[in-house]
Structures are given as structure tokens and as C-alpha cells.
Number of protein chains: 2
Amino acid sequence: MARILVVEDEADIQEILAYNLKRDGHDVVVASTSKDGLRLARERRPDLVLLDLMLPDGSGTDLCKSLRRDSVTRGVRVIMLTAKGEEIDRVLGFELGADDYIVKPFSVRELLLRVQAVLRRAATEDAAETTQFGLLRVDRGAHRVWVEGQEVELTALEFKLLITLHDRRNRVQSRDSLLSDVWKIDADVTTRTVDTHVKRLREKLGAAGAYIETVRGVGYRFAEGPGGLI
Amino acid sequence: MARILVVEDEADIQEILAYNLKRDGHDVVVASTSKDGLRLARERRPDLVLLDLMLPDGSGTDLCKSLRRDSVTRGVRVIMLTAKGEEIDRVLGFELGADDYIVKPFSVRELLLRVQAVLRRAATEDAAETTQFGLLRVDRGAHRVWVEGQEVELTALEFKLLITLHDRRNRVQSRDSLLSDVWKIDADVTTRTVDTHVKRLREKLGAAGAYIETVRGVGYRFAEGPGGLI
DNA sequence: TCTGCTCGTCACAGAATCGTCACGTTCGCT
DNA sequence: AGCGAACGTGACGATTCTGTGACGAGCAGA
């Protein structure tokens, strides 16, 4: 099924996780340290990393950041294993980009189900390809964007915002929804962050910026089709 | 924000859940028994049910089944509160249709995050529909409306009013009711706001404005069917 | 350490939306 | 038919929302 990297220092938890994931049909790789985890992630290209927050040679959050920074492992799915407490916010934060979290203590059953859910979601989203939409061309895998044949430099966030809006074209996305899905911020805060980034993205996209429509009082919507922009 | 029904027999857990959900802005209804839970789900139409698996008068799974069977409550989102063990399979099983689960013991933070995630998912899926009603076509997810094939620009409030009336077609909606459901104003005030906005909406809808009928002394009603408008 | 880039936040301006008011019209009751 | 209540209507001003430019914090890399 999938290749899963387990980064966990406690031997008995390692064993239980590895055993059960293998029984579920997955290919399991195990690391005890953050350093080994990073190396194995590069070498073995797992589909999913189960990552303990507390590791002997550095925190799981640092490892998660490293994974996201490295172009080889940027796209891997991450489930954080976390003890109870407020670190859940940071775990889900944009800077970490975790896909889900499981709070210790947990049952193996729960973990298997959440692994499945994340893998299923990953399979749906990994339609990595080049998309043409009117004046706009997007290569997801390469993280590159062209408008009217000219390449446009987008930051990571801008790229993600564009992809999210485009994937959900013709559906209004509330600011809260974008904040959650692009920024991974779930708090109920009043912020103009989304607006500002939409502005920036529109600016960079130039003529294609008009594909991003404002629905006043609701949110933003990517045009249904590229018609009428010529 | 959302109306949440908490079905939980332990008084201290009830209290904690109700308090925190209210602080998050939700409207909270509490039941201690499966029977009360079902009754309140029918009467209060919650957006989400937090459902303990172990209830004094029957299991939460039975209540979940009842909710799914009843046409009034079929669509409600359900998060199961479950102790560790193998019952998770059944909880998530097709027959029960729970939307998520939270394993006891859990942190309030985790629960609030998962509540938000499920509500957001619910909002997204509920919007995925285009409706045709005579001269009128409405795409909820896109927040777009057409009359006789011509797109009509509605403000956020006008759109919401239209959706509310249309959802409840052939049912008179009192002004107080509309004020509460569309405007989120519960005060007993005398205002012409509803009238004014109905007027505006009718104006924008043009020919389709006639679907909105005045019931003098009672309120407004959306036509039962689009017949007789050609 | 320094520099440059990215990001979030703030303040302001302008446009759109909204609520309210006053007056006219319609409806239902006596 | 007359009257009063309810509703439709047009207009005004207050409020809200969004775009914009700019600043500063934080981070990564040299």
C-alpha cells in the first residue's frame, strides 16, 4: 500500500506501530532519531511520516520543518504524535505543515484509521500535473507558474493560495476557510492576512489576477472558466 | 456560529463541553440521555451532535442510527466521544456514519479543533449544489444566481435571504424568524428591515421576484413550485 | 553579523451595503 | 364606505468591507 516512516525513540512503541502498519499492508521504515529520520526520508521517499514530537536529538517540529524545506521530502504527509497540551496549535501551524495529529495516549486502531484518512486525502490531491487555465499555466510538481507565457515568481504561500483557489474554482472560499486550509490556522481571529495575500497574488498574476474574484461579505472565488479575459 | 447538541451523561464533562463550546461562540444544547438527545435533535435541529458512546439508557451508536434514519436529523454531523477500544470501527462504519471521533481522555483544544474542522467540511459540502426553480437558478457554492439565464448580482445578505426563503419554500417565514435566521438578531424589535430587503431582493430578481409572496400579517413565503410564472 | 526576502499587521480611503425613516398604497375589518 | 394596520417604496446617512501602501519582525543564507 504505502511506505510509512516511523520516527519514534521508544522501542516498544516503534515495535507496535511497525507491526500493526505492516499488518495493514504498509511498507514500514523505522528511525529512532531526528537525524536518522531525515536521512531515511530522503533515501526511502515515504508517503507518510509518523513523527513523535519529542525526540532524543531534537524536536519533531524541527524535523518537520526540515522535511518541508527539502525539495525531496517537501510533499510527504506528516502525522504528528503529540502529548496533550497546547503544542497542538503549533503542530498544525503553517510553518510545520502537519497533515494530522494523534494525541497520546492513543489506540492503534485510531492511528491506523487516521493514517488511512491522510493517505486517502493525499491520493486525491496528488494529481500533480501541469494545468492550463486561460492565461495561466501551473506546474504543481515544479512549483512554477506562467502568465501569458511569462514565468511569474510566487512565494510558497502565494503558490499554495493560488492552487487552493484554483482547485476549488467556482466555489467561494471564506477567509476562515482559506486561513485554515492555506495557513493552517484554526483560531477565530480577525485578520486581514488573507486579503493582503490575495492582493499580492493578484498583483503578481497581472492580467490573470482577475480570475480571483471578490465576493463581498463572503470571501474569494476563482473564476469558473477562463472565458472573457482576452 | 453553529448549534451543537451535546449528548453526555457525566455532568462535569457536560459542563466543560458546554462552557468551552459557548465560549467559542456556539449555541449549545445539552442532553443526558439518548432519548432526550433524539428529541432535542429533532426539535432544535443542531448542526453538530457530540455524542458519547456510553449512555445510561442505551448506546450512542443506537442514537446515531436513529439520527441517520430520521429524515429531520439525517444530515446532522456527528462526532462520537469514545473510550479506547475496538468500537471505533463501528463508529466510523458505514452504518453509523459518524463524521469524526474523539478518544477519551481528550483535551478541550483537540475537541474544539475537530468540531471546527467537521463544521467547515459540512459547510463546504452543503454548498455543492446548483438548484433550478423555474426562472431561477442558484449555485450556492459559487454564490451566484441567474434569472432567465442572466446572472444577477446579489449582496451577501440578499443571497442568504433568498436561500433561506427558497429552502423553506411553501412555508411562511415570520419577520422575527427571518430576522433571527438571516440577520442573527433575536431581540424583539419592531423593524422594517426585513421588508426593505425583501423589496430589494424582489427588485433584483425581476420576474422571479414574484416567487416571494407576502402573507399579510404573518410574513413571507417562497412559492411552492415555479408553476404559473410564464 | 548583515542582508534580503517573506509575511503579518496597521491605518487610511473609497465604495458598497445596510438599516432606518417618512410617505404612499393596499388590504382587511367593521 | 371608512379607517387603521400592514406593507411597498425611495432616499439618506451610518456602517462595514475591501484594496492599498507601508512598516517592522523574523527567518534563512551568505
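Reminder, nothing fancy here: chain letters follow the sequence lines and each chain counts from 1. Computed from a prediction, not measured in an experiment: that's the story for all the values here.
- Across every non-hydrogen atom of A:D27 and A:R3, the tightest pair is OD2-NE, 2.8 Å.
- Counting only residues at least two apart or on different chains, the salt bridge (Lys or Arg N to Asp or Glu O under 4.0 Å) pairs with a member in residues 30-40 of chain A are A:D36-A:R39, A:R39-A:E43.
- With sequence neighbours left out, the side chain to side chain donor-acceptor pair (under 3.5 Å) criterion links B:E153 to no other residue.
- Following rounding to the nearest Å, B:D176 (CG) and D:dA6 (P) show an atom-to-atom distance of 13 Å.
- Here the closest heavy-atom approach between residue A:K184 and residue A:D181 is recorded as NZ-O, 3.3 Å.
- Looking at A:R200, its side chain has no donor and acceptor atom pair within 3.5 Å of the base of D:dG21.
- As rounded to whole Å, 7 Å separates atom C1' of C:dG19 from atom NE2 of B:H197.
- When the side-chain nitrogen and oxygen atoms of A:W183 are compared with OP1 and OP2 of C:dC7, none of them lie within a distance under 4.0 Å.
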Could you go step by step and tell me if B:E158 and B:R200 meet the salt bridge (charged side-chain N to carboxylate O under 4.0 Å, His left out) rule?
CA-CA 8 Å; B:E158 286 160 2; B:R200 285 186 181 138; 5.5 Å; no
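- With sequence neighbours excluded, no residue forms a ring-ring contact (aromatic ring centres under 6.0 Å, His included) with B:W146.
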Would you tabulate the pairs of protein nitrogen or oxygen atoms and nucleotide nitrogen or oxygen atoms of nucleotides 28-30 of chain D closer than 3.5 angstrom?
| unit_1 | atom_1 | unit_2 | atom_2 | d |
| --- | --- | --- | --- | --- |
| D:dA28 | OP1 | A:R69 | NH1 | 3.3 |

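- Here the side chains of A:L157 and A:H197 are in contact, with some heavy-atom distance below 4.5 Å.
- B:R169 is linked by a side-chain contact (heavy atoms from CB on, under 4.5 Å) to B:F133, B:H166, B:F222, counting only residues two or more places apart in sequence or in another chain.
- Here D:dA6 presents its C1' atom at 17 Å from CD of B:E213, a figure rounded to the nearest Å.
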Set out, in order, the CA-CA distance, both residues' side-chain angles and the distance that settles side-chain hydrogen bond (donor to acceptor under 3.5 Å, both in side chains) for B:R171 and B:S177, then state yes or no.
CA-CA 12 Å; B:R171 292 284 164 266; B:S177 168; over 6 Å; no
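- B:T196 meets the side chain to side chain donor-acceptor pair (under 3.5 Å) test with no other residue; sequence neighbours excluded.
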Run B:L136 and B:Y211 through side chain to side chain contact (heavy atoms under 4.5 Å, CB included) and show every step you take.
CA-CA 9 Å; B:L136 191 60; B:Y211 292 140; 4.2 Å; yes
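- Going from atom CG of A:D195 over to atom P of C:dC7 covers 16 Å, rounded to whole Å.
- Heavy-atom minimum distance, A:V78 versus A:L48: N-CD1, 4.1 Å.
- For B:S180, the side-chain contact (heavy atoms from CB on, under 4.5 Å) criterion is met by B:D186, not counting sequence neighbours.
- Residue A:Y220 has no polar side-chain atom (N or O) positioned under 4.0 Å from OP1 or OP2 of D:dC17.
- When rounded to the nearest whole Å, the span between CZ of A:R202 and P of D:dG21 equals 13 Å.
- The CD-P distance, from B:E203 to D:dA11, rounds to 11 Å in whole Å.
- Here B:Q14 pairs with B:E8, B:V30, B:S32 under the side-chain contact (heavy atoms from CB on, under 4.5 Å) rule; sequence neighbours left out.
- The interatomic distance linking A:E158 (CD) with C:dC5 (P) rounds to 13 Å, in whole Å.
- Distances shorter than 4.0 Å separate some side-chain N or O of A:T191 from OP1 or OP2 on C:dT9.
- Distance A:L201 CG to C:dG8 P: 14 Å, rounded to the nearest Å.
- Distances shown here put every side-chain N or O of B:T214 at or beyond 4.0 Å from the OP1 or OP2 atom of D:dA6.
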Would you list the protein and nucleotides 13-17 of chain C atom pairs, both N or O, that sit under 3.5 Å from each other?
| unit_1 | atom_1 | unit_2 | atom_2 | d |
| --- | --- | --- | --- | --- |
| C:dA16 | N3 | A:R216 | NH2 | 3.4 |

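- Residues meeting the salt bridge (Lys or Arg N to Asp or Glu O under 4.0 Å) test with B:R175, sequence neighbours left out: B:D195.
- With the end axes of the helix from C:dT1-D:dA30 to C:dT30-D:dA1 each set by five pairs, the angle from one to the other reads 40° at 10° resolution.
- Mapping B:R175 and A:K199 onto DNA chain D by nearest heavy atom places B:R175 closer to the 5' end of the strand.
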Show each protein N/O and nucleotides 21-25 of chain C N/O combination with a separation under 3.5 Å, one pair to a line.
none

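- Residue A:V194 is classed as having no contact, given no heavy-atom separation below 4.0 Å to the nucleic acid.
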